[in-house]
Amino acid sequence: MADKADTSTTQNSTGDQPSEKKQSDIKRYYALYTFYPNRPKSISDPSSIEEETSEDGNLSLSIAATNLSASAETDLRKSLAQRLSRLPSPSGQGHFLPVGISSTDDVASAAACYFCVLKLPSDSESDADKSNNLRRFVVCFVSFTDSSLDLFRQDLDKYSEGFVQYLDEELSQVNTGLKKYLEAWPETVLEYLTRCITRLGQNVQYLVYSALVDASLQVCDATAEEEDDIRKFISCCSLSPLLEQLQASDQLKAGISPSGEAWQVQPDVITLKLKEQEAVFDMQGVLPCHFCKIAADHLLSIEAQNVTKIRDTLESVKLAFIHNLNKLKRFLKEAEVDHYALYRAYVFLKKCGCGNLLLRYVKLDASLETSGVLAAIEHFIKEKGVVLT
């Protein structure tokens with residue numbers, strides 16, 4: 001965090017300890033199956049490489065690639081078959097499945113599983129009867145380490161879509177591009193959180209700030225992977241859907257177009273320059289808030305490899321900010337008829353640690369009466385020389 005009130009550029013050394021992945025501590029796996037949702041018994045599956053499970057006489061699963069042990073894969077396949085047999089339309093979306101399967105030491109353990117049913121781009125759905133017999137593919141990601149894979153639903157769905165480019169009728173890339181893509185899922189889907197926090201240290205507070213204000217972040221001197229990691233990190237704690245909803249509400253109330261005179265949030269422009277041993281944020285003179293610093297402290301207190309805890313903390317940061325926003329709105333509504341509530345709103349803005357950010361949001365859907373209350377508070381803040389951080 002900046003030491004002086006007029007400091008707009010912050011630097012942080014990130015070369016203290018390199019990130020080291022202990023493979024013995026990571027228990028994340030994959031499995032790829034060929035799948036017939038409604039396979040007649042007379043049809044033989046030429047793509048079957050090892051085992052096959054038929055749950056109801058028709059549904060068929062055949063393993064194509066996995067890094068699970070044989071016993072663990074069998075447990076997973078049985079659980080999958082039971083779940084797939086109950087899905088009315090299993091293709092096209094990801095699902096989560098808690099499973100008890102054998103770990104590497106052949107002891108049954110609880111694991112989190114994400115699976116998604118995929119189809120070849122050439123498959124036609126025009127014939128409903130035919131589509132029931134078309135071969136599908138089921139990709140599974142299993143983790144004994146990450147108990148809440150559902151926190152990464154969007155990342156997993158997006159990553160699963162990337163499989164289609166490697167799929168063909170013969171699975172010709174099963175030992176080349178397809179296998180590499182399967183093996184890379186933890187690094188791509190989960191570990192960007194670890195890399196961001198390790199790379200930025202305490203300066204991760206500026207990523208949280210950028211997300212909360214929906215800033216225009218310009219990343220310089222970064223590798224493609226670093227920039228992608230940063231964009232995904234910001235997406236985790238972004239309030240863009242809320243911002244869009246409030247802006248739409250404000251425009252409807254005012255009865256004017258977005259190009260009119262309605263109050264709108266103008267995005268901050270923040271520049272991040274990544275150098276070999278440091279990260280430099282240029283905030284254009286804007287001070288980061290205490291709320292974001294506290295969020296960074298919480299993130300840095302978590303074990304770097306505990307990505308689900310980090311992701312859950314980012315969700316908690318968003319919820320805490322929205323809670324503060326709703327609390328301020330309540331004070332402002334009460335202040336329309338109660339002067340003491342006006343004072344409470346002022347005190348809350350001083351102490352919450354994110355007063356400036358809350359003011360940006362609360363203006364978006366404020367009524368005429370609430371706007372008058374806001375004007376009174378802002379005038380008082382300016383008169384007293386109070387700095388909201």
Side-chain angles (χ1 to χ4, degrees), residues 1-8 10 12 201-215 234 236-240 242-243 245-246 250 263 265-268 270 281 283-302 312-367 369-389:
M1 194 168 184
D3 294 328
K4 302 295 183 180
D6 59 351
T7 301
S8 62
T10 303
N12 182 62
Q202 185 63 43
N203 274 355
V204 76
Q205 66 176 304
Y206 298 106
L207 292 190
V208 177
Y209 179 89
S210 298
L212 293 181
V213 300
D214 198 33
I234 288 178
C236 287
C237 43
S238 172
L239 293 178
S240 291
L242 175 63
L243 183 64
Q245 179 182 348
L246 293 178
D250 179 57
W263 194 94
V265 170
Q266 297 301 318
D268 289 350
I270 298 175
F281 280 85
M283 304 283 288
Q284 304 293 324
V286 177
L287 292 175
C289 65
H290 187 65
F291 179 88
C292 296
K293 181 182 183 301
I294 296 300
D297 291 340
H298 282 301
L299 292 169
L300 291 169
S301 69
I302 302 170
D312 186 59
T313 298
L314 291 175
E315 288 297 316
S316 297
V317 168
K318 290 197 294 186
L319 290 175
F321 185 83
I322 293 172
H323 173 75
N324 287 341
L325 178 61
N326 290 334
K327 191 172 183 179
L328 176 60
K329 285 185 174 183
R330 187 173 69 251
F331 284 150
L332 293 173
K333 188 65 177 177
E334 294 171 355
E336 294 175 13
V337 294
D338 182 357
H339 286 285
Y340 182 66
L342 180 64
Y343 177 73
R344 283 190 296 169
Y346 163 71
V347 172
F348 178 72
L349 283 168
K350 280 182 60 178
K351 294 184 176 181
C352 68
C354 53
N356 267 334
L357 303 191
L358 294 178
L359 285 175
R360 293 166 66 101
Y361 279 91
V362 79
K363 291 177 180 178
L364 287 172
D365 64 342
S367 65
E369 293 80 6
T370 301
S371 297
V373 172
L374 283 169
I377 291 178
E378 290 186 305
H379 177 75
F380 186 74
I381 289 173
K382 184 177 180 180
E383 190 177 67
K384 293 293 184 181
V386 175
V387 178
L388 300 178
T389 58

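The figures here come from the full heavy-atom set of this structure, side chains too, leaving out hydrogens, waters and symmetry mates.
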Is the closest side-chain heavy-atom distance between L357 and F291 below 4.5 Å? no
Non-hydrogen side-chain atoms of H298 and I294 separated by less than 4.5 Å: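 With C-beta onward as the side chain, the pair touches.
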Interatomic distance, [X] atom [atom1] to [Y] atom [atom2] [nearest 0.5 angstrom]:
X: S316; Y: H323; atom1: OG; atom2: NE2; answer: 13.0 Å
X: F281; Y: S210; atom1: CZ; atom2: OG; answer: 6.0 Å
X: L212; Y: L207; atom1: CG; atom2: CG; answer: 11.0 Å
X: C236; Y: I234; atom1: SG; atom2: CD1; answer: 10.0 Å
X: I322; Y: L358; atom1: CD1; atom2: CG; answer: 11.0 Å
X: L319; Y: L314; atom1: CG; atom2: CG; answer: 11.0 Å

Run the ring pair (Phe, Tyr, Trp, His ring centres under 6.0 Å) test against F380 and tell me which residues pass, sequence neighbours left out.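 Testing F380 for ring pair (Phe, Tyr, Trp, His ring centres under 6.0 Å), a comparison that skips the adjacent residues, returns Y346.
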Can you list everything that forms a side chain to side chain contact (heavy atoms under 4.5 Å, CB included) with E336? Sequence neighbours excluded, please.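 With sequence neighbours excluded, E336 shows a side chain to side chain contact (heavy atoms under 4.5 Å, CB included) to K333, S367, E369, T370, V373, given in chain and number order.
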A345: partners by side chain to side chain contact (heavy atoms under 4.5 Å, CB included), with sequence neighbours left out: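 A345 satisfies side chain to side chain contact (heavy atoms under 4.5 Å, CB included) with L328, F331, L332, I377 only.
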V208 and C237 have their tightest heavy-atom pair at CA-SG, 4.3 Å
Check C289 against G353 and note the closest heavy-atom contact, atom names and distance. CB-O, 3.1 Å
Could you go step by step and tell me if I270 and Y206 meet the side-chain contact (heavy atoms from CB on, under 4.5 Å) rule? CA-CA 9 Å; I270 298 175; Y206 298 106; 5.7 Å; no
Salt bridge (Lys or Arg N to Asp or Glu O under 4.0 Å) contacts in which one or both residues fall within residues 339-353, not counting sequence neighbours: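 Sorted pair list: E334-R344.
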Pairs in or reaching into residues 315-328: which pass salt bridge (Lys or Arg N to Asp or Glu O under 4.0 Å), with residues at least two apart or in two chains? R311-E315, E315-K318
Does D297 have any salt bridge (charged side-chain N to carboxylate O under 4.0 Å, His left out) partners at least two apart in sequence or in another chain, and if so, which?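 Here the qualifying residues are K293.
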